[in-house]
Asker: 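My questions all concern the structure below.
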Amino acid sequence: MQEAELEFTDGSNGPALVLTGLVGAVEKGDDVVANTTAVELGLGSGGYNFVLWNLSRDMLDIPSGGHIMKLRYTPLQSDVKAVEERLVSDTGKYGDVEGSLEGMPVIAGSLHSQLLAVALAYRDTKPDGHLVYVMTDGGSLPIEFSDTVRFLKDGGYVDSTITCGHAFGGDY
């Protein structure tokens with residue numbers, strides 16, 4: 001993820017996020033197309049516009065090596081490598097997945113905003129416990145956009161993340 005400052009055609013400025021895994025990187029002076037709807041409506045996007053396309057290039061090629069599409073049937077559909085594609089035939093296990101979730105506490109809320117309270121409460125009751133966060137379609141964020149996930153992982157409150165449905169970017 002990259003932060004950028006946009007200069008609009010009317011001379012005004014505004015902050016933007018560039019999800020580089022979807023649209024590639026931008027550089028100062030690039031002409032871009034941005035979605036400004038959430039900022040214009042005052043919605044909870046963190047005050048950011050989103051860069052959709054960098055007009056300084058005429059094509060985008062950011063292959064992940066995966067075969068599962070996220071945001072399918074939209075102009076921003078992107079391939080990801082799913083855990084199911086990581087099967088290592090000689091071991092019968094999934095490539096870089098160690099262990100299992102058996103017995104592991106897992107958070108999967110209907111709203112992303114529930115994560116912080118649950119993770120902090122869990123840590124308060126089980127200071128040495130381990131916790132996994134499953135981001136579902138209800139969160140439906142690119143996980144890298146979540147300051148909460150970054151805070152919880154950096155602080156050791158959440159050990160790993162799993163994204164499913166159209167959410168993407170988790171550890172698994």
Side-chain angles (χ1 to χ4, degrees), residues 1-66 68-82 107-123 131-172:
M1 186 169 67
Q2 177 185 8
E3 290 189 41
E5 183 72 17
L6 299 180
E7 181 181 326
F8 298 102
T9 55
D10 68 1
S12 64
N13 293 331
L17 289 180
V18 183
L19 300 174
T20 56
L22 293 176
V23 300
V26 300
E27 296 180 21
K28 186 175 178 137
D30 285 350
D31 287 326
V32 300
V33 175
N35 182 333
T36 61
T37 306
V39 172
E40 290 171 2
L41 294 176
L43 302 179
S45 67
Y48 289 101
N49 300 289
F50 288 90
V51 172
L52 297 172
W53 192 257
N54 184 341
L55 296 170
S56 67
R57 23 167 230 272
D58 57 3
M59 72 181 276
L60 179 65
D61 186 18
I62 304 176
S64 75
I68 302 299
M69 298 302 287
K70 298 287 180 162
L71 302 173
R72 57 186 168 263
Y73 310 113
T74 75
L76 294 177
Q77 67 182 7
S78 177
D79 61 320
V80 299
K81 189 157 196 149
I107 299 173
S110 58
L111 295 172
H112 183 66
S113 59
Q114 296 169 325
L115 171 61
L116 182 63
V118 173
L120 294 178
Y122 177 78
R123 179 51 48 99
L131 192 59
V132 173
Y133 172 51
V134 178
M135 180 182 275
T136 65
D137 281 29
S140 199
L141 295 170
I143 205 163
E144 66 186 338
F145 183 64
S146 174
D147 291 334
T148 301
V149 169
R150 194 169 20 267
F151 168 80
L152 292 172
K153 285 192 75 179
D154 289 349
Y157 298 95
V158 168
D159 294 288
S160 60
T161 59
I162 299 170
T163 47
C164 62
H166 285 291
F168 60 94
D171 298 317
Y172 303 101

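In this chain, numbering begins with 1 at the start of the sequence shown.
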Asker: How close do A16 and V51 get, counting heavy atoms only, and between which atoms?
Answerer: CB-CG2, 4.1 Å
Asker: For S160 versus V158, what's the shortest heavy-atom pair and its separation?
Answerer: O-CG1, 3.3 Å
Asker: Apply side chain to side chain contact (heavy atoms under 4.5 Å, CB included) to I162 and V132, showing your working.
Answerer: CA-CA 8 Å; I162 299 170; V132 173; 3.8 Å; yes
Asker: If I take atom CG from residue L131 and atom NZ from residue K153, how far apart are they, to the nearest 0.5 angstrom?
Answerer: 12.0 Å
Asker: Working to the nearest 0.5 Å, report the span between CD of Q114 and CD1 of I107.
Answerer: 10.0 Å
Asker: For this output row, return yes or no: ring centroids of Y157 and F151 closer than 6.0 angstrom.
Answerer: yes
Asker: Grab the two heavy atoms, one from A4 and one from V18, that are nearest each other, plus how far apart they are.
Answerer: CB-CG2, 4.3 Å
Asker: What I want to check is whether the side chains of S146 and H112 have a donor and an acceptor closer together than 3.5 Å.
Answerer: yes
Asker: State the CG-CG distance between N35 and N49, to the nearest 0.5 angstrom.
Answerer: 8.0 Å
Asker: May I ask you to test the V23-F50 pair for a side-chain heavy-atom distance under 4.5 Å?
Answerer: no
Asker: Is E27 atom CD crowded by more than 12 heavy atoms from other residues, nucleotides or ligands, each under 6.0 Å away?
Answerer: no
Asker: Rounded to the nearest 0.5 Å, how far apart are CD1 of I143 and OG1 of T163?
Answerer: 6.0 Å
Asker: Between V32 and L6, is there a side-chain heavy-atom distance shorter than 4.5 Å?
Answerer: yes
Asker: Given 3.5 Å as the limit, does a donor-acceptor pair link the side chain of D171 with the main chain of T161, or not?
Answerer: yes
Asker: Could you grab the distance from atom OG1 of T148 to atom CG of L120, nearest 0.5 Å is fine?
Answerer: 9.5 Å
Asker: Looking only at heavy atoms, which two atoms of G47 and P15 are closest? And how far apart?
Answerer: O-CG, 3.2 Å
Asker: What's the shortest heavy-atom distance between F8 and N13, and which atoms?
Answerer: CE1-C, 3.8 Å
Asker: Can you confirm whether L152 sits close enough to Y133 that some side-chain heavy atom of one is under 4.5 Å from a side-chain heavy atom of the other?
Answerer: no
Asker: For L22 and F168, work out which heavy atoms get closest and say how close.
Answerer: CD1-CZ, 3.8 Å
Asker: Given side chains that start at C-beta, do those of E3 and L17 come closer than 4.5 Å, heavy atoms only?
Answerer: yes
